[in-house]
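Worksheet: the structure to be examined is printed underneath.
Residue indices begin at 1 and follow the sequence shown.
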Amino acid sequence: MMRQLEIETLPDAPLDAAGAFMAFYLSAARTALADPATTALVILLPPAGHDHRDWRLALARDLAREAAPRRVNVLAGKPGAARAAALRFLADAPGVTGHYLMCHE
């Protein structure tokens, strides 16, 4: 089963956002991945500037390595058609893991 962990708000500054995620949400992601029914986790983050790309990609890549063979991807974007389409794609893409995807409406 593919689970979703949605984070609605993070600080604007990249270092602050990364620190807030690690402090407040990383344990929830690991808990979801520890559930035997979980085969994949998508972490849904709010949109952010390109200066957030590095920490978000590192999160996706490193958490996917830690959780293998479970899949982990990070998806940024507001709720809407683009995000829904990306979630449908990830649900049917068993080989896709460790990626950071950005949705644009």
> Should we say atom CG of L15 is surrounded by more than 12 heavy atoms from elsewhere, each under 6.0 Å from it?
Replying inline: no
>> Donor-acceptor pair, distance only, cut-off 3.5 Å: does the side chain of R53 make one with the backbone of Y100?
In response: no
>> Quick check: is F21 connected to L63 through a chain of hydrophobic side chains (ILVMFWY, heavy atoms under 4.5 Å apart)?
In response: yes
>> Quick one: does any side-chain atom of R70 pair with a main-chain N or O of L41 as donor and acceptor, under 3.5 Å?
In response: no
> Does the side chain to side chain contact (heavy atoms under 4.5 Å, CB included) test come out yes or no for N73 and L75, once each step is laid out?
Replying inline: CA-CA 7 Å; N73 292 289; L75 180 61; over 6 Å; no
> Same hydrophobic cluster for L45 and M22, using side-chain heavy-atom links shorter than 4.5 Å among ILVMFWY?
Replying inline: yes
> Any donor and acceptor pair, going by atom type alone, linking the side chain of T38 with main-chain N or O of A32 inside 3.5 Å?
Replying inline: yes
>> Between H52 and D12 (side chain of the first, backbone of the second, donor and acceptor by atom type, cut-off under 3.5 Å), is there such a pair?
In response: yes
> When you measure from the side chain of R71 to the backbone N and O of V96, does any donor-acceptor pair fall under 3.5 Å?
Replying inline: yes
> How many angstroms lie between atom CZ of R3 and atom CG of D35, to the nearest 0.5 angstrom?
Replying inline: 4.0 Å
> Roughly how far, to the nearest 0.5 Å, is the NE2 atom of H99 from the OG1 atom of T97?
Replying inline: 7.0 Å
> If you measure from CZ on R83 to CD on Q4, what distance do you get to the nearest 0.5 Å?
Replying inline: 7.0 Å
> From I43 CD1 over to E6 CD, what is the distance, rounded to the nearest 0.5 angstrom?
Replying inline: 12.0 Å
> Mind checking whether V74 and Y25 sit in one hydrophobic cluster, side chains of I, L, V, M, F, W, Y counted as touching below 4.5 Å?
Replying inline: yes
> Given the rule that I, L, V, M, F, W and Y join up when any side-chain heavy atoms are under 4.5 Å apart, are L87 and L5 in one cluster?
Replying inline: no
> Can you hop from V42 to F24 via hydrophobic side chains spaced under 4.5 Å?
Replying inline: no
> For the residue pair C103 and A82, what are the closest heavy atoms and their distance?
Replying inline: SG-O, 3.8 Å
> Under 4.5 Å between any side-chain heavy atoms of P47 and M102, yes or no?
Replying inline: no
>> Tell me the closest heavy-atom pair linking R56 and L10, and the distance in Å.
In response: NH2-CD1, 4.3 Å
> Between P46 and A76, which heavy-atom pair has the shortest distance, and what is it?
Replying inline: O-CB, 4.1 Å
